[in-house]
Every structure is written in C-alpha cells, then in structure tokens.
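Structure record follows, encoded as structure tokens.
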Amino acid sequence: MPVPDPSDDPLSRERAHLTHSRAALRSMREDVESLDIRDVTANWVNAEVLTRQIEERVKALADLSHTPLFFGRLDYLHSPGADQAEGAEGERFYIGRRHVHDADGDPMVIDWRAPVSQPFYRASKKNPLDIALRRRFGYTGGDLTAYEDEHLSDPADSAGDAATSKLLQQEIERPRVGPMRDIVATIQPEQDEIVRSGLGGSVCVQGGPGTGKTAVGLHRVAYLLYAHRDRLARTGTLVIGPNASFLHYIEQVLPALGELEVKQATVDDLVAHVEVRGKDEAPAAVVKGDARMAEVLRRAVRSHVTMPVEPVVVVRGSRRWRVPAYELEVIVRELLDRDIRYGAAREALPQRIAHAVLVQMERSGEAPDDRVQDAVARNTAVKAAVKSLWPPVEPAKLVLRLLSDADFLATHAEGLLTEDEQKTILWARPVRSVKSAKWAAADAVLIDEATDLVQRTHSLGHVVLDEAQDLSPMQYRAVGRRCTTGSATVLGDLAQGTTPWATRSWEEALTHLGKGDAVVEELTAGFRVPTDVITYASRLLPHIAPGLTPVASVRENPGFFEVRPATADSTDSAATMATEVVAACEELLRNEGSVGLIAADARVPLLAEALAAAGLPHLGPGEETTLTTRLTLVPASLAKGLEYDYVVLDEPRAVVDGEPDERTGLRRLYVSLTRAVSGLIVTHAAPLPPQLADGAGVL
C-alpha cells in the first residue's frame, strides 16, 4: 500500500482511507450480488444451496453505518513475513472487523484475526514486535473523529504503552445502550492469547465480573472460524448460555464480526426430549444432577439384556442351522464387555448370530457370501432372538420407571445412592405415561444421558459454554457429549455460582465435561465494573469464594457509587422504599446510557407497579433498550451476564433471603452488585448483610 504524502493532514488522510474502504466494501458486496448462477448449477437443489450461500455472503459484507470499518493501524518496521503476499518493508495495515480489498485485490482493511494483525493487541514498548507505530482511531457514530499514536519502537517516546491510551480507555468506558457489542478494538494481550489459542485444545476461563470472559469466548469462536473455517463448517459450532435473555443480549456480537452461522442454545434446549412442566425442590435437583446418576442409568439400560436359555434355529431351504444357547451367551457377553452404545450393540447382535450360522455353513462345505449373512440376520428366528435378548430401550420410559418404581431404582442405585437420596428423587405419585409426566429440567438431562447410552450424540467441532459455574455434573456431561470429538471454551466465575449444585472447582467440572486436559486461565483485570463498585462487591469474596483473586479494575473513571438507606421516620417502609427506588431510577435516567433496576424476584411486581404509577416505562431482561425506554426491571435470578450503564439495586437483604441458603444468596448479591458499568445506587430499608455493612456508605 503506497505511503501517503506526509504533508497532508493526518486526520483527513485517514478519513479519506475510510471513505475509499467503504467504497471498496460496497463494490465487493455488489460483485457478489451480481453473480449469475443460472449456468453453473446442475439442478434446483444446488441452485438453492448456492443462492443461500450468496445471500449469507452478502449479509457478511454489510457495511454497518455505526460500526467502524477499521479501528487501528499498524506501521511495520520490516516485512511481517516473506510468506505474506502483502508484506513489504515499511508497509502499513489498517485493522478492522473484516477483510476489504480494492478492485486490484490489494488490501484496504485487514481482518483483526489475520496473523499480521496480532501485534495490534500484543505489541508493547518492551516487546514492539517490529511495530514502529500503532494508531488507534476514535469514532462518533460512524464518523472518524480522532486518532492516537503509540511509537512502540521509539525509545524517546514514553507514551507507547496501551494502558495510557485515552481512546482505548474511552472505548472501554463507552456507555452500554442495547445488546452486548464486540470488544474487537479493545482486546488486551492476556485476552488475545486465549482468543487465538488453537482449535485442538480446550480452554477454561475463570474471570470475575467485568473481565471480559464472555467477549473473549465469542471472539475465540470468530477467530477459530477464521483459522479453521472448512473444518468447522463441516462439524459446526455452538454457543451455550444460561437463559434466553442472556442469549438475546449477546446475539449481535458474532454477526457484527461477520459470523452468521454460529448457533446459540441453552442447556435446556439441548436436552429438550420431553416437555418440561414441573419443578424439582433443590434436594431432588441436586441428586438428579449428581454424576452418580450416570452409572445408575447405565446399569438400568444394560439390565434389559438377558442371557439366552434356548438355541436359535435358522431354517434355509431344506437345511436347519442351530446356534446353541452357550454360543449365544458368548456373543452377548462379548458385546457387553465392549461397552459400546446399547443401540449399536443391538444392531451388531443379529450380524454376530448370522456369522455363527455362516461358520457352520462353511464347515459343511457351503460357500456363503455377505448377502447370505445379511439374509440370515433378517431371518425371523434371529429377529425374535434379538428382541428377547437385547430388547429396544426408550430413554424417556426408562427414566420414568426409575423415578416412579422404587424397586427398580433401588436395584440400580445400590451402592451409589443412599436410601434417603432415592426417596428424594422418587415421584410421590405413579405416572402412567411419558406424556402425562410433569418432567422437571433435571429429568430432561437424565433422559439425554439415557439417550446417549442408547445412541451416540452428534459431536460438534467447537462449543462455547458460558456461565458454566451454575451447571450440575450431569449438565456438564450433556454439554460434553456435544463436543466429544471437538474442543470447548468454558467460561465462568466460581464466585457467581448461584445454584445448589454450583461448581466447586474447575478441575472437577472439566472432568465431568470430558475435557480434563483443558488449560485453566484466570482473568483478573476488570474493564467493565468501576473501581469503587468492584471494591465494594469484593467484600463478599472471602465469604463466597475465599480462594479467588479479587478483580482489579483498570478503569480510570472510579464510577458513581452510593448506598442509600430508607428515610428513618417512615411509617410505611414498603411504600417509602418503592418511592425512593423510583427516585433513584429517575435520577440515573438523566444520564446517557441504560439503567437496570435489579431486585429480589419477589419484589419485582411491587416495583413494577411503582414504576407504572410514576409513569416510567420499563423493559424486561434481554429486551433491547431504545432512546425512549432505557430502564430495565431485572429479577436478581436473571441478572447474571447482563450489564447496564447504571444500576439501582433494591434491598440487598431481600436478594440474599430469596435464596435457599445464605452462601447462595451472597453469591446472587455479588452478581447483582457487579452489573453496573458507570454507576451504582444501593437502596435499602432492611439492614445490609453484615458482610457488606462495615464501611458502607458513600464512597
């Protein structure tokens, strides 16, 4: 790329390059739109497939007006590598969300995932990586309005440290209105190492609030699709989140990076073999989610196999071929010893019996071929034997029997579950059919396990599992089945585990996932939560996760933080609290950005009425904010993974008391306290939890 005249105004030159780059992207899109496939498709099926691929390509080349086409520039001292076609001494590269080239094929913008872009994230004064200058760009809407230079290879320039970048800091602290956005312009070196780690290995990221672990996981998917597109196009990728609200919140990140094919789901979506209409009490859910249930199910499935007591007699023409019971037993035991899927073994059994018949035929002088063996395997006598020895198993019916038949459960849970545990998961009333059963979420996971015991679950190339700390061992196994031949990126924070079965250690969780060799990385630098807010919330860490390193905020803006007790002389504390909560929301809505009102689930209806009476429209979790409706009322149980510029947290004591035990309640409170990006107001009439009370007040 030719070096522009240095006498030109730098900002004007960069704006001109942006204009030319947008024009080049438009030309690329128009080239795709103008493709004529009428003479290159053999039939309508191929035409449909190719048309869809063209449509997806056009979408991927969309120019989003408010999304910068490039956000940085690298000026290399030397060629980035002889094998780089665009590499030339003194060349500069504009780094953006996707590759853009001009009519001659010369790059206008380099994809942030390309190897030549990596120094944008990792170069420093100590290790410049052959970069003379790194330039960051500032935008207002879609207009380029500023730039900032770091002369990394100049010893005289002391400003070449990314931590001092004002534009970087502004981008990190930019208000959050609407769904989650990508962080492609602000990825830090420790995050970039995780993002660019190879497809062959699994990674677990432990990260406190605001450390960017979710963004890292999503950008890792985008990077892997860039580096291994053909392979992942065949095997598939999946992002798993805790609930639909969370998935809605993050759903625009990958499309903004040009990746449109990544599917999203919750664990409940993955195991939706039956309709979930019931709900377990915590003790029952804990037992059903325990990894011991996998062995209970394995025993129950294999119990359907019976040993033969009669021979199989196959009649072909005038000949009768007899396979004695002892020989059949050898075949059955060999299949059991191989410990393959129940369904696969059942499919193999008639062929094994037919092979025994063919051996007898050969001994008698006949010369049967494979067609004869297949015919014998389909023989009525062989089919009857298979049905008797290795009957079909329906996973849902199997789990139904385990949960409703005390004797059946006791037989297969012996030595695994105590009598009390068995009573805990047994249904109080008998259930007649799968359709009439009020299945709970944990039951669906058991059915998924049983389904895999019968028939292998399809494996994807890569799975991202977010908020993993809340999964049970059996849920980990359900996710692990979806990536047995692929890899995984596991994201979570042990301090934010709010289920009774929350993860105790990543090593244990990764073992259940089937990825015991995964590398565990810890992110401790906080980019989202202001210093004063995370410091206050971290008072809870010794009580909920004593072994974790507190998050250290790197934000220059300390943020707005205040704890507001209710008026002391109030005679109606509930009404007063609602009034004060509404007042706090009105105050924060005067600022730019989104506002989240987080409260214990039981208090949400009361606060909804108060907001309506005050004429304050509000949204539900996961709904997209607008210029006129920027307030979201969030039950504490759904706050995890979400973020708002400003947060009002109502009654911390009620958040804690809304959980089955204090430790879980304190973890829920920790999550709720750390959803704010710019400011937090804590309102309360009841005493604060003692873990927070010391030193509480205005900071």
Is any side-chain heavy atom of [Y] closer than 4.5 Å to one of [X]?
| X | Y | value |
| --- | --- | --- |
| E522 | E190 | no |
| L465 | L471 | yes |
| M108 | H101 | no |
| L144 | L11 | yes |
| L129 | N127 | yes |
| V205 | I194 | yes |
| W112 | D182 | no |
| Q475 | H512 | no |

Going from [atom1] on [X] to [atom2] on [Y], what distance comes out if it is rounded to the nearest 0.5 angstrom?
| X | Y | atom1 | atom2 | value |
| --- | --- | --- | --- | --- |
| R528 | I534 | CZ | CD1 | 8.0 Å |
| Q206 | L494 | CD | CG | 4.5 Å |
| H458 | T485 | NE2 | OG1 | 7.5 Å |
| F137 | R15 | CZ | CZ | 11.5 Å |
| L77 | S153 | CG | OG | 4.0 Å |
| Y121 | I187 | OH | CD1 | 4.5 Å |

Are [X] and [Y] ion-paired here, with the side-chain N under 4.0 Å from a carboxylate O?
| X | Y | result |
| --- | --- | --- |
| D75 | R73 | yes |
| R135 | E148 | no |
| R675 | E643 | no |
| R196 | D192 | yes |
| E521 | R220 | no |
| R98 | E259 | no |
| D493 | K213 | no |

Just by modelled atom types, is the [Y] backbone N or O under 3.5 Å from a matching donor or acceptor in the [X] side chain?
| X | Y | value |
| --- | --- | --- |
| T457 | R481 | no |
| S245 | P621 | yes |
| T511 | E507 | yes |
| K515 | C204 | no |
| Q264 | L247 | yes |
| T503 | Q469 | yes |
| S553 | P530 | no |
| R113 | A222 | yes |
| Y76 | V116 | yes |
| R26 | A62 | no |

Q: Go through the steps to decide whether R134 and D149 satisfy the test salt bridge (charged side-chain N to carboxylate O under 4.0 Å, His left out), and finish with yes or no.
A: CA-CA 6 Å; R134 172 169 53 202; D149 289 345; over 6 Å; no
Closest contact, heavy atoms only, [X] versus [Y]:
| X | Y | answer |
| --- | --- | --- |
| S197 | V203 | OG-CG2, 3.6 Å |
| A478 | V271 | CB-CG1, 4.0 Å |
| G72 | F120 | CA-CE1, 3.6 Å |
| T484 | S459 | N-OG, 3.1 Å |
| P119 | P115 | CD-O, 3.8 Å |

Q.
If you apply the rule side chain to side chain contact (heavy atoms under 4.5 Å, CB included), what do you find for L225 with V262, and how did you get there?
A. CA-CA 9 Å; L225 285 168; V262 180; 3.4 Å; yes
Q: Can you establish whether the number of heavy atoms outside R341 located under 6.0 Å from its atom CZ is more than 12?
A: yes
(Q) Tell me whether the count of non-hydrogen atoms from other residues, nucleotides or ligands lying under 6.0 Å of CZ in R504 goes above 12. (A) no
Q: Just do the side-chain hydrogen bond (donor to acceptor under 3.5 Å, both in side chains) check on E251 and H248 with the steps written out, would you?
A: CA-CA 5 Å; E251 67 182 358; H248 179 70; 2.9 Å; yes
Q.
The test is side chain to side chain contact (heavy atoms under 4.5 Å, CB included); show your working for T235 and L460 and say whether it passes.
A. CA-CA 5 Å; T235 56; L460 300 166; 5.8 Å; no
Q: Dump the intermediate steps for salt bridge (charged side-chain N to carboxylate O under 4.0 Å, His left out) on K640 and D470, then the final yes or no.
A: CA-CA 11 Å; K640 191 172 298 179; D470 279 331; 2.3 Å; yes
Q) Side chains of D269 and T266: do they bring a donor and an acceptor to under 3.5 Å? A) yes
**Q.** Pair F71 + Y94: ring centers closer than 6.0 Å
**A.** no
Q: Under the salt bridge (charged side-chain N to carboxylate O under 4.0 Å, His left out) rule, what do D448 and R482 come out as? Steps first, then yes or no, please.
A: CA-CA 11 Å; D448 190 70; R482 272 74 187 180; 2.7 Å; yes
Q. Step by step, would you call F527 with Q188 a side chain to side chain contact (heavy atoms under 4.5 Å, CB included)?
A. CA-CA 10 Å; F527 303 98; Q188 298 300 291; 3.2 Å; yes
Q: Verify side chain to side chain contact (heavy atoms under 4.5 Å, CB included) between E14 and L18, making sure each step is shown before the conclusion.
A: CA-CA 6 Å; E14 303 297 14; L18 176 61; over 6 Å; no
Q: Starting from the C-alpha separation in whole Å, work towards a yes-or-no answer on side-chain hydrogen bond (donor to acceptor under 3.5 Å, both in side chains) for T237 and H462.
A: CA-CA 5 Å; T237 53; H462 192 77; over 6 Å; no
